[in-house]
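Worksheet: one structure, shown below.
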Amino acid sequence: MAYEFDTRAAAVAATIPATGNALRLSGYWAAGDGGETLYKRLGAAPSPVKAWHLQTADGAWWQIAENTINVRQLGAKGDGTTDDTTACQNAIDAAKALGKILFVPVGSYLTGPLKLNGSDWDGSTTNQQPSIKGIKGEARGYFVSRFAAKTGAYAAGQAVLTLRNAASVSVQGLHVDGANVADVGCDFAWIGAGPSLENVFRDLFVENCNSTGLNLDNAGDTIISGIWYRGGSAPVGLSMQLPGGGIWADNVILSTGKLLLSCQNAGLQNCGFFQGVELTSPSYHNIHFDACHIYPNPVTGNAVYANTAGFSTRVATFTGCFFPPAAANQPAFAGRWHQGAIFNGCQINATTFFDDNFEPGAGSGFPPVFQFNHCSFASVAPASIPGKVLVAFNVQRRPDGVIDPAIRAAGDIRGNNLYAGDGQIAAGTLQVTAGGLFGRDMNGGTAPADAYFGMMWNRSGGAAETELMYRGVVWRLTSWDGTTYTPRLNFSYGAGSGLYAEADNVQNLGIASRRWATVYAGTGVINTSDARSKTAVAPLTPAEIAAARALAGEIGTYRLLDAVQAKGEGARSHVGLTVQRAIEILQGEGLDPMRYGFICHDRWEAEDGQDGGAGKPAGDVYSFRHDELLLFITRGFEARLAALEAA
């Protein structure tokens with residue numbers, strides 16, 4: 001049987017029969033305040049007595065018996081004004097001592113520094129206390145479980161949350177606010193002899209710190225996901241100094257503060273580093289950035305800076321990354337590089353890409369190799385890249401200009417406004433010189449004589465003008481279904497010139513839901529009317545002639561509704577009739593309107609928008625083939641004229 005009490009104070013004042021083995025609180029300070037707690041009877045007084053113990057008036061001792069520890073069970077209010085430091089630290093100590101997960105419900109908890117290793121940890125490297133097993137908040141947009149730094153409660157270097165030597169610990173769903181008071185938001189590090197293992201830090205929103213948002217030094221073999229740091233004056237948003245350990249990170253957004261990184265075997269994907277990345281150790285290697293946005297640091301001007309002396313740095317790989325423009329004459333990549341870097345499918349907009357501070361590879365005498373595969377250089381100036389930087393496109397070319405014979409046989413593929421070896425190659429082009437691809441030139445110019453295809457930007461100086469270039473007399477659009485190439489559309493300026501479909505009488509120009517507004521032509525449209533492709537021409541029946549005569553009487557003037565809406569009384573008048581009225585007339589003569597080719601009715605399904613654009617709802621439209629309609633009406637005129645002549 002569990003005895004019920006509204007508050008902790010009420011339970012302390014109560015006398016519980018010896019037969020009672022449990023008591024339940026409806027709140028800590030008041031019923032319903034979130035401090036609902038189940039306590040179990042202890043056989044003897046605990047030693048030492050802690051905040052998660054309770055003694056009733058009869059002298060019996062009780063201990064929290066919940067599966068998780070809620071900070072409100074130890075008296076935290078989360079109202080943003082009450083000092084919740086003691087209550088939150090007591091809850092951390094309880095979760096650690098009882099081997100439970102700590103739960104932080106939605107609220108704003110104003111605190112001083114909190115130690116996730118427990119209040120008995122003195123912060124030294126010799127007193128290695130086990131940490132809490134995990135802490136979980138409620139991530140509900142901005143209304144989350146928030147720890148806010150209390151003014152005057154922090155010494156230099158202190159963090160809102162400190163965690164040491166974590167192993168198999170999960171921290172998730174928290175909002176940590178340094179409030180421009182604490183130097184560090186979350187300080188999670190290993191300070192002993194080895195790295196931490198198998199930790200998960202996710203859905204953390206940290207802001208307004210003075211030096212570092214999140215510190216994960218030596219927190220190796222760790223997964224971090226859904227991390228966002230912003231605000232404050234912290235020069236470092238996230239520090240991951242992990243020699244000997246690995247890190248896996250996705251959806252990390254550093255709106256302010258750079259990424260400080262030194263590790264082995266790191267994967268970072270779908271991240272946004274808005275103040276750059278700094279590599280800080282000569283031992284980093286196997287670092288992969290996938291689909292990341294890496295902006296220049298506002299102080300150094302560099303997007304990625306290798307602050308590494310010595311010859312032990314390794315290759316970093318950037319795949320599908322975006323490098324926005326930096327300040328004028330500030331290189332996007334700078335510092336010391338040993339083996340170089342690989343760029344796959346990146347968009348690089350920096351006006352200056354590299355500085356000239358590269359160290360030769362150990363024992364090779366050659367500078368580092370930088371490889372570019374399918375990259376876009378939107379603004380790189382030719383003089384910004386030193387001659388000792390490798391420039392390649394799916395090949396590797398040594399900085400001394402020597403090309404492997406196998407690579408030479410495949411074609412010498414050159415740079416895009418870049419340098420290779422000690423000299424510039426084909427400024428402004430990306431080309432295969434053996435009659436193959438010619439790339440893009442942003443400033444005009446002329447395609448090489450052996451180029452097959454190319455694209456020019458602003459060749460004549462017009463804004464946003466693009467010119468497509470090709471050699472030969474036929475431009476062809478071809479589809480590929482995974483097995484077969486099928487020509488679809490041709491443009492020829494030689495013999496048989498014109499724009500034409502590959503197959504005869506198969507493809508349409510426009511569809512019912514995607515019409516051309518106006519077609520301009522020097523002569524009329526030619527329609528095939530070969531007797532060899534038709535049945536014998538039958539005369540119109542009396543009902544058809546009657547319908548034709550009635551249609552002629554319906555011809556009048558009208559204005560288009562969208563023109564009236566746009567131009568008002570200035571909308572122009574047109575001559576004709578409506579399809580719906582024509583259908584009524586044909587049906588009135590006992591005829592099926594849809595058997596006649598001059599009556600058209602098309603339907604289409606709803607279409608989703610592309611690239612975030614508006615879609616098109618399902619609909620239908622009625623149309624005429626006017627050439628056939630006019631011939632039909634003309635036959636009615638002819639019949640009427642013949643009748644008049646006969647009379």
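When a residue number appears, it is its place in the shown sequence, counting from 1.
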[X] side-chain N/O to [Y] backbone N/O, donor-acceptor pair under 3.5 Å:
| X | Y | answer |
| --- | --- | --- |
| Asp58 | Ile16 | yes |
| Thr300 | Asn302 | yes |
| Thr68 | Ile101 | no |
| Asn117 | Arg164 | yes |
| Asn297 | Gln275 | yes |
| Thr212 | Val184 | no |
| Lys115 | Trp121 | yes |
| Tyr3 | Ala11 | no |
| Glu66 | Leu38 | yes |

Is any side-chain heavy atom of [X] less than 4.5 Å from a side-chain heavy atom of [Y]?
| X | Y | value |
| --- | --- | --- |
| Arg41 | Leu23 | no |
| Cys88 | Phe147 | yes |
| Thr317 | Ile287 | no |
| Leu268 | Val277 | no |
| Glu278 | Leu261 | no |
| Leu161 | Leu174 | yes |
| Val169 | Leu163 | yes |
| Gln241 | Ser239 | yes |

Exercise for review: Determine the sole option in Phe322, Phe274, Phe289 for which the side-chain contact (heavy atoms from CB on, under 4.5 Å) test with Ile294 is passed.
Suggested key: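 So the option named by the test is Phe289.
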Residue pair [X] / [Y]: nearest heavy atoms and the distance that separates them:
| X | Y | value |
| --- | --- | --- |
| Gly35 | Asp33 | N-OD1, 2.9 Å |
| Trp62 | Asn21 | CZ3-C, 3.6 Å |
| Thr15 | Ala57 | OG1-CB, 3.9 Å |
| Ala291 | Cys321 | N-SG, 4.1 Å |
| Trp52 | Ala97 | CZ2-CB, 3.6 Å |
| Tyr229 | Gly237 | CD2-CA, 3.8 Å |

With a 3.5 Å cut-off and sequence neighbours excluded, list the donor-acceptor pairs that the side chains of residues 69-80 form with protein atoms.
{"residue": "Asn70", "atom": "OD1", "partner": "Arg72", "partner atom": "N", "Å": "2.8"}
{"residue": "Arg72", "atom": "NE", "partner": "Tyr109", "partner atom": "OH", "Å": "3.2"}
{"residue": "Arg72", "atom": "NH1", "partner": "Lys77", "partner atom": "O", "Å": "2.8"}
{"residue": "Arg72", "atom": "NH2", "partner": "Lys77", "partner atom": "O", "Å": "3.4"}
{"residue": "Arg72", "atom": "NH2", "partner": "Val106", "partner atom": "O", "Å": "3.2"}
{"residue": "Arg72", "atom": "NH2", "partner": "Tyr109", "partner atom": "OH", "Å": "3.4"}
{"residue": "Gln73", "atom": "OE1", "partner": "Asn70", "partner atom": "N", "Å": "3.0"}
{"residue": "Gln73", "atom": "NE2", "partner": "Glu36", "partner atom": "O", "Å": "3.2"}
{"residue": "Asp79", "atom": "OD1", "partner": "Thr81", "partner atom": "N", "Å": "3.0"}
{"residue": "Asp79", "atom": "OD1", "partner": "Thr81", "partner atom": "OG1", "Å": "3.3"}
{"residue": "Asp79", "atom": "OD1", "partner": "Thr82", "partner atom": "N", "Å": "2.8"}
{"residue": "Asp79", "atom": "OD1", "partner": "Thr82", "partner atom": "OG1", "Å": "3.2"}
{"residue": "Asp79", "atom": "OD2", "partner": "Thr82", "partner atom": "OG1", "Å": "2.8"}

Whether the [X] and [Y] side chains hold a donor-acceptor pair (N or O, under 3.5 Å, no angle test) is what I'd like checked.
| X | Y | result |
| --- | --- | --- |
| Thr7 | Trp29 | no |
| Asn270 | Asp250 | no |
| Thr256 | Arg230 | no |
| Asp93 | Ser119 | yes |

Review point. Would you call the rings of Phe318 and Phe343 parallel, tilted or perpendicular, where under 30° means parallel and over 60° means perpendicular?
Key: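 Answer is parallel, since the angle falls under 30°.
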Check your understanding: Any Lys/Arg nitrogen of Asp120 or Lys96 sitting under 4.0 Å from an Asp/Glu carboxylate oxygen of the other?
Key ->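 Lys96 and Asp120: salt-bridged.
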With a 3.5 Å cut-off and sequence neighbours excluded, list the donor-acceptor pairs that the side chains of residues 148-157 form with protein atoms.
{"residue": "Lys150", "atom": "NZ", "partner": "Asp83", "partner atom": "OD2", "Å": "2.7"}
{"residue": "Tyr154", "atom": "OH", "partner": "Thr111", "partner atom": "O", "Å": "3.1"}
{"residue": "Tyr154", "atom": "OH", "partner": "Gly112", "partner atom": "O", "Å": "3.1"}

Check your understanding: How far apart are the C-alpha atoms of Leu259 and Met240, what are their side-chain angles, what is the distance that settles it, and do they pass the side-chain contact (heavy atoms from CB on, under 4.5 Å) test?
Key -> CA-CA 8 Å; Leu259 170 66; Met240 294 190 292; 3.8 Å; yes
Check your understanding: Does Phe103 have any ring pair (Phe, Tyr, Trp, His ring centres under 6.0 Å) partners at least two apart in sequence or in another chain, and if so, which?
Key ->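 Partners of Phe103 by the ring pair (Phe, Tyr, Trp, His ring centres under 6.0 Å) criterion come out as none, since no residue qualifies.
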Check your understanding: Could you go step by step and tell me if Phe273 and Val252 meet the side-chain contact (heavy atoms from CB on, under 4.5 Å) rule?
Key -> CA-CA 8 Å; Phe273 304 116; Val252 175; 4.2 Å; yes
Review point. In terms of heavy-atom contacts, does CZ of Arg202 have more than 12 from other residues, nucleotides or ligands at under 6.0 Å?
Key: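 Open: at most 12 neighbouring heavy atoms sit under 6.0 Å from CZ of Arg202.
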Exercise for review: Rounded to the nearest 0.5 Å, what's the gap from CH2 on Trp228 to OG on Ser255? Could you check?
Suggested key: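 Those atoms lie 5.5 Å apart.
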Check your understanding: Given the rule in the side-chain contact (heavy atoms from CB on, under 4.5 Å) test, do Leu238 and Ile227 qualify, once you have shown the distances and angles that lead to the verdict?
Key -> CA-CA 9 Å; Leu238 173 61; Ile227 308 297; 5.6 Å; no
Exercise for review: Carefully, step by step, assess Thr37 and Arg24 under the rule side-chain contact (heavy atoms from CB on, under 4.5 Å).
Suggested key: CA-CA 6 Å; Thr37 316; Arg24 185 181 301 276; over 6 Å; no
Practice item. Could you go through the side chain to side chain donor-acceptor pair (under 3.5 Å) check for Glu207 and His175 one step at a time? Key: CA-CA 8 Å; Glu207 63 178 341; His175 176 182; 2.8 Å; yes
Point to revise | Between Phe201 and Phe188, ring centroids under 6.0 Å | key: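 Yes, the ring of Phe201 comes within the 6.0 Å limit of the ring of Phe188, centre to centre.
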